Protein chains: 2
Amino acid sequence: MKKISPNTINRVLLYLRVLEDLIKDKRYLVSSGDISRFTGVSDVQIRKDISSFGKVGTPRIGYRTIELKKVLKDFILQCDVVRIVLFGVGNLGKAILKYPGFNKDRIKVVAAFDRLGSRINKKINSVIVYPVERAPEVIKRLRADIGIIAVPKKSAQGVADIMVLSGLRGIVNFSPCPINVPKSVMVKDIDLTIEFLSLCCSIKA
Amino acid sequence: MKKISPNTINRVLLYLRVLEDLIKDKRYLVSSGDISRFTGVSDVQIRKDISSFGKVGTPRIGYRTIELKKVLKDFILQCDVVRIVLFGVGNLGKAILKYPGFNKDRIKVVAAFDRLGSRINKKINSVIVYPVERAPEVIKRLRADIGIIAVPKKSAQGVADIMVLSGLRGIVNFSPCPINVPKSVMVKDIDLTIEFLSLCCSIKA
DNA sequence: AAGTAATCGTTCTAAATTTCACGATTGAAA
DNA sequence: TTTCAATCGTGAAATTTAGAACGATTACTT
Ligand SMILES: NC(=O)c1ccc[n+]([C@@H]2O[C@H](COP(=O)([O-])OP(=O)(O)OC[C@H]3O[C@@H](n4cnc5c(N)ncnc54)[C@H](O)[C@@H]3O)[C@@H](O)[C@H]2O)c1
Ligand SMILES: NC(=O)c1ccc[n+]([C@@H]2O[C@H](COP(=O)([O-])OP(=O)(O)OC[C@H]3O[C@@H](n4cnc5c(N)ncnc54)[C@H](O)[C@@H]3O)[C@@H](O)[C@H]2O)c1
């Protein structure tokens, strides 16, 4: 089996979302052309992505939604549920805690941490906010996989260090500065400022 | 002059941020190796990116921070200020409205829109929330460039249509579904669910 | 039963991006 | 003044990614 590129993973996750919607609508067949219309990805690209997981389609017919969903899911989502912890219950952190859509995709925020006394021991959307000091203990107990950095940038590296110590293996970093972690820990930077500016540049060009 | 790829634009925006910090710290010289350490981008990549804007470095010395900043900025950020409008003043929308960091980067949210009566005519962080019906008029008057979709997915396409009609040329779409717009309008999808799941996949692999 | 149209899957081609290697340039030191 | 080390800039190679073409397969139609 060949390695799957991050781009492919992202696209496959899109396909999975479409498939779940289709299955909910009781549609049992779908073609690469259909998925293309739903996702904007070209049909060739879709067939190519899917074919890296084996032959699951039938010519003239397309793909069986339930089967395809199962195949894709088995390959890229070994885990049933993604357990996430959140650092920083500010504006952005609260938005994430209050978002109901994550549950549907089996993303579960299992705990939150903040430094500020007034935020601690509150429950937001049934997630408890702990003091940062308790992070290593709580994270291990709840067996979280991924951490979100939603603290101001001057606290970002410190929080990242705690995350690494606590055994998290992936970090989503919303703070506008790069963080240093061992390379066994995957980092995904989401820098909204850069996204906005970048779009602006593409427009003017 | 050759065309600048989106990847390059994103990296250059990173360099610009580093440069601003350095200048604030009164550092007048910086090498590609330094920038590499600050950003994680390889030094060769940095030199190559910069060289597409001309020769601005001096061998043995590096780059003059102030000069480099000016050169990069002139090339990719023609506009002084990016004017943004926000659709959907819910959890995510409020977080964006309350974020003070955008001003520093000359990103200015000039107006917000919502459907819900209880949100309308409030001011959040001195940004007025208008009813969606007034969007075309307000957007034209304030000469906004970019719109943010932070409404539930079933409203996303409708909001996108209004944005196009109002003359926006770029859209940042936080809703978990693709939107259809004329191809003269640039769309940047930011799908947090996919980002989290994607990170999860990379970890397990 | 044969023809046909739709769709998959694969191979080859092309384009974009990154990495590598190395020459060129400069200021400082011996 | 000569040497040297640091750094830039660039052309070529390698890698990755997307795209196009096309044969293979299947079910429907007549
Ligand atoms: N809100 C946005 O739209 C937005 C946009 C772009 C970037 N960001 C970035 O996202 C991050 C969060 O933004 P925000 O608007 O939610 O900030 P915020 O100031 O509203 O919230 C930050 C929270 O982190 C907590 N905190 C600070 N230091 C901590 C520490 N060491 N450990 C644990 N908690 C700590 C604070 O008590 C606070 O609750 C920031 O880095 C910001 O730059 C936010
Ligand atoms: N909050 C998160 O962390 C998060 C995570 C992933 C994705 N998203 C996506 O981001 C979007 C916004 O999320 P949220 O949590 O802020 O949602 P929300 O429900 O809190 O807010 C949505 C807002 O949009 C307004 N709205 C609805 N229809 C509208 C219309 N036609 N025109 C104008 N306004 C309208 C509503 O009145 C509400 O104020 C959603 O599409 C969601 O799926 C959010």
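Here the structure is a predicted model, which is why all the values come from computation and not from measurement. In what follows, every chain begins at residue 1, and chains take the letters A, B, ... in the order their sequences are listed.
- Counting only heavy atoms from C-beta outward, the side chains of A/R106 and A/V82 never approach each other to under 4.5 Å.
- We find that CD1 of A/I35 is positioned 11 Å from P of C/dG9, with the value rounded to whole Å.
- Among the heavy atoms of the strands lying under 4.0 Å from A/V56 are primed sugar atoms or P, OP1, OP2 only; no base atom is included.
- A ring pair (Phe, Tyr, Trp, His ring centres under 6.0 Å) check over residues 12-43 of chain B, counting only residues at least two apart or in different chains, returns nothing.
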Exercise for review: With side-chain contact (heavy atoms from CB on, under 4.5 Å) as the test, would you mind laying out the steps for B/L86 and B/L97 before giving the verdict?
Suggested key: CA-CA 8 Å; B/L86 170 73; B/L97 285 177; 3.6 Å; yes
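- Take the nearest nucleotide of DNA chain D for B/S31 and for A/R47: the residue whose nucleotide is more 5' is B/S31.
- Here the options are B/V185, B/V181, B/I149, the test is side-chain contact (heavy atoms from CB on, under 4.5 Å), and the partner is B/M163; only B/I149 passes.
- Side chain to side chain, A/N7 and A/S5 fail the donor-acceptor criterion of an N or O pair below 3.5 Å.
- The stretch residues 157-200 of chain A participates, sequence neighbours left out, in these ring pair (Phe, Tyr, Trp, His ring centres under 6.0 Å) pairs: A/F196-B/F102.
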Exercise for review: For each nucleotide in nucleotides 14-19 of chain D, reading 5' to 3', give B when a protein heavy atom comes within less than 4.0 Å of its base, S when such contact involves only the sugar-phosphate, and - otherwise.
Suggested key: ---SSB
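- The interatomic distance linking B/K55 (NZ) with D/dC8 (P) rounds to 14 Å, in whole Å.
- More than 12 heavy atoms of other residues, nucleotides or ligands lie within 6.0 Å of NZ in A/K73, so this atom counts as buried by the packing criterion.
- Between the CD1 atom of A/I46 and the P atom of C/dT10 there is a distance of 16 Å, rounded to whole Å.
- Side-chain atoms of B/D105 never come within 3.5 Å of backbone atoms of B/I107 as a donor-acceptor pair (strictly under, hydrogens ignored).
- The ring pair (Phe, Tyr, Trp, His ring centres under 6.0 Å) pairs that include a residue from residues 133-152 of chain A number zero, where partners must be two or more places apart or lie in different chains.
- C/dA21 atom P lies 13 Å from atom CG of B/D43, rounded to whole Å.
- Considering A/K70, A/R64, A/K69 as possible partners of A/E67, the one that fulfils the side-chain hydrogen bond (donor to acceptor under 3.5 Å, both in side chains) test is A/R64.
- Near-neighbour residues of DNA chain D inside residues 62-71 of chain B, defined by a heavy atom below 4.0 Å, number-ordered: B/G62, B/Y63.
- The nearest whole Å value for the distance from the CG atom in B/N10 to the C1' atom in C/dT18 is 16 Å.
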Check your understanding: Which nucleotides of nucleotides 24-30 of chain C have their base under 4.0 Å from a protein heavy atom (B), which only their sugar-phosphate (S), and which neither (-), written as one string 5' to 3'?
Key -> -BBB---
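- Salt bridge status for B/E133 with B/R115: absent, with no side-chain N to carboxylate O gap under 4.0 Å.
- Here the P atom of nucleotide C/dC8 and the CZ atom of A/F53 are 16 Å apart, to the nearest Å.
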